[in-house]
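Residue numbering restarts at 1 for every chain, and letters A, B, ... go by the order of the sequence lines.
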Amino acid sequence: MSSDVRFTDFKSDKQPTWCPGCGDFGTMNGMMKALANTGNHPDDTFVVAGIGCSGKIGTYMHSYALHGVHGRALPVGIGVKTANPNLEVMVAGGDGDGYSIGAGHFVHAVRRNVDMTYVVMDNRIYGLTKGQFSPTSREDFETSTSPDGTHQQPVNPLALALASGATFIAQSFSSDAQRHAQIVQEAIEHDGFGYVNVYSPCVTFNDVDTYDYFRDSLVDLGEDEDYDNNDFDQAKEVILDSEKEYQGVIYQDEDSVPYGERMGFTEDMSRIPDGAPENAMDLVREFY
Amino acid sequence: MPADLNWAIGGEAGDGIDSTGKIFAQALSRAGRHVFTSKDFASRIRGGYTAYKIRTSVDRVESVVDRLDILIALTQRTVEENMDELHEGSVIIYDGERTTMQDLEIPDEMVGLDVPLKSLGEEAGGAIMRNIVALGAACEATNFDVAFLDESLQKRFGAKGESIVENNKKAARLGQEYVEEHFDHDFDYDLDTTDEDYVLLNGDEAIGMGALAAGCRFYAGYPITPATNVMEYLTGRIEEFGGGVVQAEDELSAINMALGAARAGARSMTATSGPGIDLMTETFGLVATTETPLVIVDVMRSGPSTGMPTKQEQGDLNMLLYGGHGEIPRFVVAPTTVSECFWKTVEAFNYAEKYQTPVYLVADLAMAVTEQTFPPEEFDMDAVEVDRGNLVSDDAIDEWQNEKGQFQPHLATEDGISPRAFPGQAGGAHMTTGLEHDALGRRTEEEEVRLEQVDKRTRKVETAKQNENWDYREFGDSDSEKLVISWGSNEGPMREAMEFLEEDGVNVRFISVPYMFPRPDLTEEVEAADEVIVVECNATGQFADVVEHDTLTRVTRVNKYNGVRFKADELAEEIKAALAESTEVTA
Ligand SMILES: Cc1ncc(C[n+]2csc(CCOP(=O)(O)OP(=O)(O)O)c2C)c(N)n1
Ligand code: SF4
Ligand SMILES: [Mg+2]
């Protein structure tokens, strides 16, 4: 792969229609930088996007890409990576896409540990459908479908990932541009399922989880010299701490061996002979 | 009429019924006899009962019949379950030493062979071999050389070590000798052998083998009866060709994984049954609108909902033809025999890639679980063709880019077929989406572009209709004015039913349709007939609707929906009844 790829090469000529100030701009920029910094090329990159404001990212980036149905982006990514392990696969979607309709796939993608990156653009709201509460919305969050709060606990996606056997868990903030790009880059470099929950504020429908809120409350684990992100117990403590918000690589299993390697999925499956394989008659003989 | 023998072993689930039955089926196949098997899963009386049935003849067998000549009954209930199929001279092999068998009464006109299966098994090395003792006993009752069992015993137990194989061979001989010594009876049955070498496989395996022959490299699935066998067959084999199987968390995931692999350029497949198709329908439209080649296998079972998971039905046709919101271009291919499961799978992959369209391959439980013998040449791998459609070579990629150098995956060409570039190909980067899109694969709601894209997808199907052969298979008297039409696994029983009908002086023309969409136009055939009957395993006549729709003709419907496939003798009666009825109506 060529090293002269610049991050703007991952930008398509389509102008984003996100609301001015939307966190998704910063999230996408960081992803493009991370892809370029890791030496990837648009022709060797496959982006799978969910459905939501966040899912529009597939259109605004330049690469091979599929914008699928709501909640099913992860399985598509798994199929792409399995069929061609040479590709860099990046899956991106919203908190509703990943933790509500797609929650089942999230758990299983985590435990399957396919070598790809999953970026959740978490704005704690349903943006595209104009402001209903999401699975990460706070209990007292008032929206058109929760006029006096949601009356249910928000999901803790990092804890869900940890409990599902994650090998890489990170969290970033779209407006901390450099840090965010760096964290996504580490997720790409991770041998396995690199999962990043990105706080990506919705300026139109969420006036609680705002830029100010995250700026004031985020603690950067990268600045904490005592924090060892290879230590499961420390990670658990941070993830279950409901008092604070954290950014950084929270947990990484250094011994992670990706699914494809364990299964022996090492070949590009797209090339096949123009007739039955040479020894195909052996398949018939098995039935004697 | 084939000089056939109908043989069965039955007992409780967990008694090793299936594997024992298969050993005998293989032995018959080794002896150059044709075999057609069926399975009784759940009970007509209560749960737990299961049986493996074999119809065998030196001629090809394509159906089951309601007649049982030899029955190995491991439980008393096995006899009760099958009483209506047993007849004068039927042989029942059982172990009278079993306490549960002591009330068993064998009707006078039948032959009971009380063989101490368990004790003889113990003598051979373990009670577990009682089923094999029974096989040996059955060999003697059918004048079939017990040595034919040896090869299948080797195949079945070889991995467990030579001594296990030897013990089993001994068990078979103990059973055979016991009958020879203790029963001075002249049995009615003689299993002739031939020099033919057959292979024995079921429809699920034929589909799996077809996929491998066609170059399928990726399979994702979620276990479900009666499609699981496809996944089990591919697991461990597809890897030899550089492919892989992923067991997904559900069918929503399975089809999306398969879609992802197809976008990456692999020939990709998933298989399921009705409940799984329900879930996959969510993504089916996405596959079609993104013009992704994908083969989706539906092995039908009785519905609706969980229905009768181990029973036959052809109830999914409407869903496959019309399921999903919006208007979805698709192909629906329906093999009519076990060996056609192989060939239609190969075809399905070619249609999928040539027309960049999802293809439903629809089989039914009856053929999926039926083990049948074929001469190996029937799966001539040299005849397998792989046509990948409009794949763009690296040098030609710029021919398919727009003036800005962007690749156009949904270019509206004359025949509707766009170029395909695989991820990794330089200059081919493109997106696609389930939203309506333009030639570049980007969202649009512009009217002209919407029309252009809908039209090009429709045009692909028109191109396919013209370029491919959507022929039916024809049997019987082509001049007959009595026309019978069916689809799926009814072909076998219907062909044999025609022999019964002929004996009664009824000649019919039989058309077996393997293509549900696009499909052959039957207008001429229907108009040339006085009476038209459509045979299918469902209650409402879903294919009959299609035929009436296509030809604007009312047809007589012969339907079966008790969960059991048609049987040749019964079907002959049904056809006669239907013909009599429609004559009355016209008269
Ligand atoms: C099956 C299905 N149900 C509902 C929708 C409508 N829908 C589109 S996006 C969305 C929620 C998006 O929320 P999120 O994933 O958080 O993305 P955001 O817009 O906030 O980025 C919903 C419910 C859909 N497209 N498909
Ligand atoms: S609605 Fe919210 S999430 Fe959607 S584009 Fe606007 S700011 Fe972003
Ligand atoms: Mg959201």
Side-chain angles (χ1 to χ4, degrees), chain A residues 12-14 41-49 51 56 58-59 61-69 71-84 86-87 104-105 107-108 112 260 263-265 267-277 279-281 283-288, chain B residues 29-30 197-201 205 209 212-215 217-218 220 237 239 241-244 246 248-250 252-254 256-268 282-283 286 290 376 379 381-382 384-386 404 422-435 442-443:
Chain A
S12 84
D13 61 354
K14 204 76 169 176
H41 188 283
D43 287 334
D44 299 310
T45 302
F46 202 110
V47 173
V48 188
I51 293 283
K56 294 180 181 178
T59 311
M61 284 176 69
H62 174 63
S63 71
Y64 283 89
L66 181 117
H67 180 228
V69 289
R72 318 283 171 233
L74 281 170
V76 175
I78 292 169
V80 172
K81 185 70 186 182
T82 304
N84 188 351
N86 307 325
L87 300 174
H105 306 309
V107 167
H108 296 280
R112 219 172 259 124
M263 297 289 287
F265 300 152
E267 289 179 46
D268 172 356
M269 297 179 184
S270 70
R271 307 291 156 188
I272 55 168
D274 23 326
N279 45 353
M281 228 33 224
L283 294 170
V284 183
R285 284 186 206 105
E286 264 187 66
F287 290 110
Y288 269 134
Chain B
S29 165
R30 295 275 34 78
D197 251 341
Y198 296 130
V199 290
L200 179 73
L201 67 165
E205 289 166 335
M209 186 165 73
L212 292 181
R217 289 288 182 273
F218 183 85
R237 288 189 177 84
E239 295 83 352
F241 302 94
V246 177
E249 57 273 23
D250 53 37
L252 300 163
S253 180
N256 277 281
M257 287 181 185
L259 161 70
R263 293 299 317 169
R267 281 198 156 192
S268 176
E282 179 193 57
T283 297
L286 174 69
T290 56
F379 306 99
M381 292 292 178
D382 291 336
V384 169
E385 283 171 27
V386 170
K404 284 175 164 171
F422 293 161
Q425 260 188 299
H430 63 266
M431 75 164 297
T432 184
T433 169
L435 291 161
R442 292 159 165 194
R443 176 198 190 147

(message) Quick one, B/Met431 with A/Thr59, criterion side-chain contact (heavy atoms from CB on, under 4.5 Å). Give me CA distance, side-chain angles, the key distance, then yes/no.
(response) CA-CA 7 Å; B/Met431 75 164 297; A/Thr59 311; 3.7 Å; yes
Go through the steps to decide whether A/Glu286 and B/Arg237 satisfy the test side-chain contact (heavy atoms from CB on, under 4.5 Å), and finish with yes or no.
-> CA-CA 11 Å; A/Glu286 264 187 66; B/Arg237 288 189 177 84; 2.5 Å; yes
Audit row: A/Met263, B/Glu239, side-chain contact (heavy atoms from CB on, under 4.5 Å) steps and yes/no:
CA-CA 9 Å; A/Met263 297 289 287; B/Glu239 295 83 352; 5.8 Å; no
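Proximity to chain B is limited to the side chain of A/His62, based on heavy atoms less than 4.5 angstrom apart. With a threshold of 4.5 angstrom between heavy atoms, B/Gln425 approaches chain A through its backbone and through its side chain. Looking at A/Ser63, the atoms closer than 4.5 Å to chain B (heavy atoms on both sides) all sit in the backbone: N, CA, C or O. Contacts between B/Ala214 and chain A at a heavy-atom distance below 4.5 Å involve the backbone alone (N, CA, C, O). Only the side chain of A/Phe46 comes within contact range of chain B, with heavy atoms under 4.5 Å apart. The part of A/Leu87 that comes within reach of chain B is its side chain, from C-beta onward, which places non-hydrogen atoms under 4.5 angstrom from that chain. Only the side chain of B/Leu259 comes within contact range of chain A, with heavy atoms under 4.5 Å apart. In this structure, the portions of A/Met281 lying under 4.5 Å from any heavy atom of chain B include both its backbone and its side chain. Within the 4.5 angstrom heavy-atom criterion, only side-chain atoms of B/Asp250, from C-beta onward, approach chain A. Heavy-atom distances place both the backbone and the side chain of B/Ser253 under 4.5 Å from chain A.
Here A/Ser270 is the residue among A/Gly71, A/Ser270, A/Gly275 with the most heavy-atom pairs under 4.5 Å with chain B. Comparing A/Arg112, A/Lys81, A/Arg271, A/Met61 by heavy-atom pairs within less than 4.5 Å of chain B, the highest count is held by A/Arg112. By number of non-hydrogen pairs under 4.5 angstrom with chain B, the leading residue of A/Ala49, A/Gly77, A/Ala65, A/Ser12 is A/Ala65. Per-residue heavy-atom pair counts under 4.5 Å with chain A were compared for B/Asp382, B/Leu212, B/Leu200, and the maximum is reached by B/Leu200. Across A/Asn279, A/Ile272, A/Val80, A/Leu66, the residue that shares the most heavy-atom pairs under 4.5 angstrom with chain B is A/Ile272. Counting heavy-atom pairs closer than 4.5 Å to chain A, the top-ranked of the candidates B/Thr283, B/Leu435, B/Thr290, B/Val246 is B/Val246.
Shown here for A/Val284 and B/Val199, the closest heavy-atom pair between the two residues is O-CG1, 3.4 Å. Listed here is the closest heavy atom pair of A/Pro277 and B/Ala213: CD-O, 3.6 Å. A/Met269 approaches B/Gly243 most closely through the heavy-atom pair CE-C, 3.6 Å. When all heavy atoms of A/Tyr288 and B/Tyr198 are compared, the closest pair comes out as CD2-O, 3.3 Å. Among all heavy-atom pairs drawn from B/Leu286 and A/His67, the shortest one is CD1-O, 3.9 Å. When all heavy atoms are compared, the tightest approach of A/Asp43 to B/Gly427 is OD2-N, 3.0 Å.
The closest side-chain heavy-atom distance from A/Arg72 to B/Leu252 is below 4.5 Å. The side-chain heavy atoms of A/Phe287 and B/Leu201, taken from C-beta on, include a pair separated by under 4.5 Å. Here the side chains of A/Val69 and B/Glu282 are in contact, with some heavy-atom distance below 4.5 Å.
Between the side chain of A/Tyr64 and the main chain of B/Phe422, a donor-acceptor pair closer than 3.5 Å is present. Distance alone, capped at 3.5 Å, places no donor-acceptor pair between the A/Asp274 side chain and the B/Val386 backbone.
Salt bridge status for A/Asp13 with B/Arg442: present, with a side-chain N to carboxylate O gap under 4.0 Å. With respect to the salt-bridge test (charged N to carboxylate O, under 4.0 angstrom), the residues B/Arg217 and A/Glu267 do not qualify.
If you take CZ on B/Phe218 and CG on A/Asn84, they are separated by 12.5 Å, rounding to the nearest 0.5 Å.
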